[in-house]
Undergrad: 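Structure provided below as structure tokens; questions to follow.
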Amino acid sequence: MPQLPHLTTTPSATLTPVRGRRPFRLAIALLAVTAAIGLGAVAPATASAETVVPLDRCWGVSPNIVDQPFSTARLFVSPNGRGRVTAAVRDVSSFWTPTGGYQSAGRLDWHNLSTGAKGVAVNTAQIRLFVGGPTFRLDTGPGTVRVTFSAVNRNALWAIPSTSCSGTMRVG
């Protein structure tokens, strides 16, 4: 094959590692692993473990109409002492942050299936661009608890209710 005038060929060269680099890279990797393990050992532990309780899907139209729909299908639940939990809706948001978003008045009905106790918790939250929603503090007592969530979402002009959704959680 003819050679082009501007291209030249050279015999293949063998690659040899540059001395001193391999131990340095090994030391850096070892230092990174040690730091990661050390940080994991001294990181503050959470006081309680948050769990996700699945719900049937709740739907609703945002009171701002041209917006994200009001839609959630889970509660984020944290223990708050024996027989008590904090349950939060965090999946709702609105594009209308510059105008203040809208208000969501949430209602959480609960029924402890183990003891027969029942109750209702109500909370209002401002819904903006970053996900949020109502948060409820429940004193249900220990046992299996059936919850039903619903909300009425309002802006300055009108209020629009959502559908309700239910789920079951275990309270310690």
Side-chain angles (χ1 to χ4, degrees), residues 32-33 35-172:
V33 168
I37 291 170
L39 286 175
V42 298
T46 56
S48 59
E50 181 176 79
T51 59
V52 176
V53 174
L55 302 173
D56 305 328
R57 174 76 56 189
C58 291
W59 291 101
V61 177
S62 165
N64 296 327
I65 308 300
V66 181
D67 198 356
Q68 297 183 72
F70 180 88
S71 176
T72 189
R74 58 189 175 171
L75 287 175
F76 294 87
V77 178
S78 299
N80 195 16
R82 180 152 172 79
R84 295 188 318 237
V85 295
T86 300
V89 175
R90 295 193 190 142
D91 296 339
V92 186
S93 61
S94 172
F95 293 131
W96 292 81
T97 298
T99 63
Y102 63 88
Q103 264 192 353
S104 182
R107 174 184 170 122
L108 192 67
D109 294 278
W110 59 268
H111 178 201
N112 188 322
L113 303 175
S114 303
T115 65
K118 294 181 180 182
V120 176
V122 178
N123 181 261
T124 301
Q126 196 68 24
I127 307 300
R128 294 196 170 96
L129 182 59
F130 301 105
V131 292
T135 299
F136 308 96
R137 285 171 181 64
L138 308 175
D139 189 0
T140 65
T144 302
V145 179
R146 181 84 174 151
V147 293
T148 302
F149 172 72
S150 62
V152 176
N153 303 306
R154 67 176 59 93
N155 62 12
L157 300 175
W158 48 67
I160 301 174
S162 73
T163 61
S164 62
C165 48
S166 299
T168 304
M169 63 182 170
R170 180 87 183 128
V171 177

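This one's a predicted model, so the numbers in the text were calculated from it and none came from an experiment.
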Undergrad: I need the minimum non-hydrogen distance between Ser71 and Val92, along with the two atoms involved.
TA: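 Between these two residues, the closest heavy atoms are O-CG2, 4.3 Å.
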Undergrad: Evaluate side chain to side chain contact (heavy atoms under 4.5 Å, CB included) for Thr163 paired with Asp56, printing each intermediate quantity in order.
TA: CA-CA 10 Å; Thr163 61; Asp56 305 328; over 6 Å; no
Undergrad: Could you give the distance from CG (Leu113) to OG1 (Thr144), rounded to the nearest 0.5 Å?
TA: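 Output value for this atom pair is 6.5 Å.
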Undergrad: Return the OG1 to CE distance between Thr51 and Met169, rounded to the nearest 0.5 Å.
TA: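 If I round to the nearest 0.5 Å, the distance is 8.5 Å.
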Undergrad: How close do Phe70 and Ala151 get, heavy atom to heavy atom, and via which atoms?
TA: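 Scanning both residues completely, I find the closest heavy atoms to be CZ-CB, 3.6 Å.
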Undergrad: So which heavy atom on Val171 is nearest to which on Arg84, and how close?
TA: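 In this case the closest contact between Val171 and Arg84 is CG1-N, 4.1 Å.
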Undergrad: Any salt bridge (Lys or Arg N to Asp or Glu O under 4.0 Å) involving residues 86-109? Give me the pairs, sequence neighbours left out, ordered by first then second residue.
TA: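 Residue pairs with at least one partner in residues 86-109: Glu50-Arg90, Arg74-Asp91, Arg107-Asp109.
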Undergrad: For a side chain to side chain contact (heavy atoms under 4.5 Å, CB included) check, start with the C-alpha distance between Phe95 and Leu129, then their side-chain angles and the critical distance, and finish with the verdict.
TA: CA-CA 5 Å; Phe95 293 131; Leu129 182 59; 4.1 Å; yes
Undergrad: Among residues two or more places apart or on two chains, list those pairs meeting side-chain hydrogen bond (donor to acceptor under 3.5 Å, both in side chains) that have a residue in residues 151-160.
TA: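 Listed once each, the pairs are Asn64-Asn155, Ser104-Asn153.
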Undergrad: Going by side chain to side chain contact (heavy atoms under 4.5 Å, CB included), name the residues that satisfy it together with Ala117, two or more places apart in sequence or in a different chain.
TA: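 Partners of Ala117 under the side chain to side chain contact (heavy atoms under 4.5 Å, CB included) test: Trp110, Asn112, Thr115.
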Undergrad: Over all heavy atoms of both residues, which pair between Arg137 and Thr86 is shortest? Give the atoms and the distance, please.
TA: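 Minimum heavy-atom separation between Arg137 and Thr86: CG-OG1, 4.0 Å.
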Undergrad: Show the nearest heavy-atom pair for residues Asn123 and Pro134, with the distance to one decimal.
TA: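 That closest heavy-atom pairing would be OD1-CA, 3.4 Å.
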Undergrad: Verify side chain to side chain contact (heavy atoms under 4.5 Å, CB included) between Leu108 and Val89, making sure each step is shown before the conclusion.
TA: CA-CA 10 Å; Leu108 192 67; Val89 175; over 6 Å; no
Undergrad: Hydrogens and angles aside, do Ser162 and Ser150 bring a side-chain donor and acceptor to less than 3.5 Å of each other?
TA: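 No.
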Undergrad: Listed by chain and number, what are the side chain to side chain donor-acceptor pair (under 3.5 Å) partners of Arg146, not counting sequence neighbours?
TA: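 Partners of Arg146 under the side chain to side chain donor-acceptor pair (under 3.5 Å) test: Thr168.
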Undergrad: For side chain to side chain contact (heavy atoms under 4.5 Å, CB included), just list the numbers for Ser94 and Gln126, CA-CA rounded to whole Å, side-chain angles, deciding distance to a tenth of an Å, and then say yes or no.
TA: CA-CA 10 Å; Ser94 172; Gln126 196 68 24; over 6 Å; no
Undergrad: Tell me, please, which residues at least two apart from Asp139 pass salt bridge (charged side-chain N to carboxylate O under 4.0 Å, His left out).
TA: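 With sequence neighbours excluded, Asp139 shows a salt bridge (charged side-chain N to carboxylate O under 4.0 Å, His left out) to no residue whatsoever.
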Undergrad: With a 3.5 Å distance limit and no angle check, can you tell me whether Trp96 reaches the backbone of Ile127 through a side-chain donor-acceptor pair?
TA: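 No, Trp96 side chain to Ile127 backbone: no donor-acceptor pair under 3.5 Å.
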Undergrad: Heavy atoms only: give me the nearest Val85-Pro79 pair and the separation to one decimal.
TA: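 Of all heavy-atom pairs spanning Val85 and Pro79, the closest is CG1-CA, 4.2 Å.
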Undergrad: Would Ser93 and Gln68 count as having a side-chain donor-acceptor pair, cut-off 3.5 Å?
TA: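 Result is yes, a qualifying pair exists.
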Undergrad: Roughly how far, to the nearest 0.5 Å, is OG1 of Thr72 from CZ of Arg57?
TA: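 Between atom CZ of Arg57 and atom OG1 of Thr72 there are 6.5 Å.
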Undergrad: Provide the full list of disulfide (SG to SG under 2.5 Å) pairs with a residue in residues 56-170, sequence neighbours left out, each pair given once.
TA: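 For residues 56-170, and leaving out neighbouring residues, the disulfide (SG to SG under 2.5 Å) pairs sorted by first residue read Cys58-Cys165.
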Undergrad: So do the side chains of Ile65 and Ile160 get within less than 4.5 Å of each other, counting heavy atoms only?
TA: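 Yes, side chains in contact.
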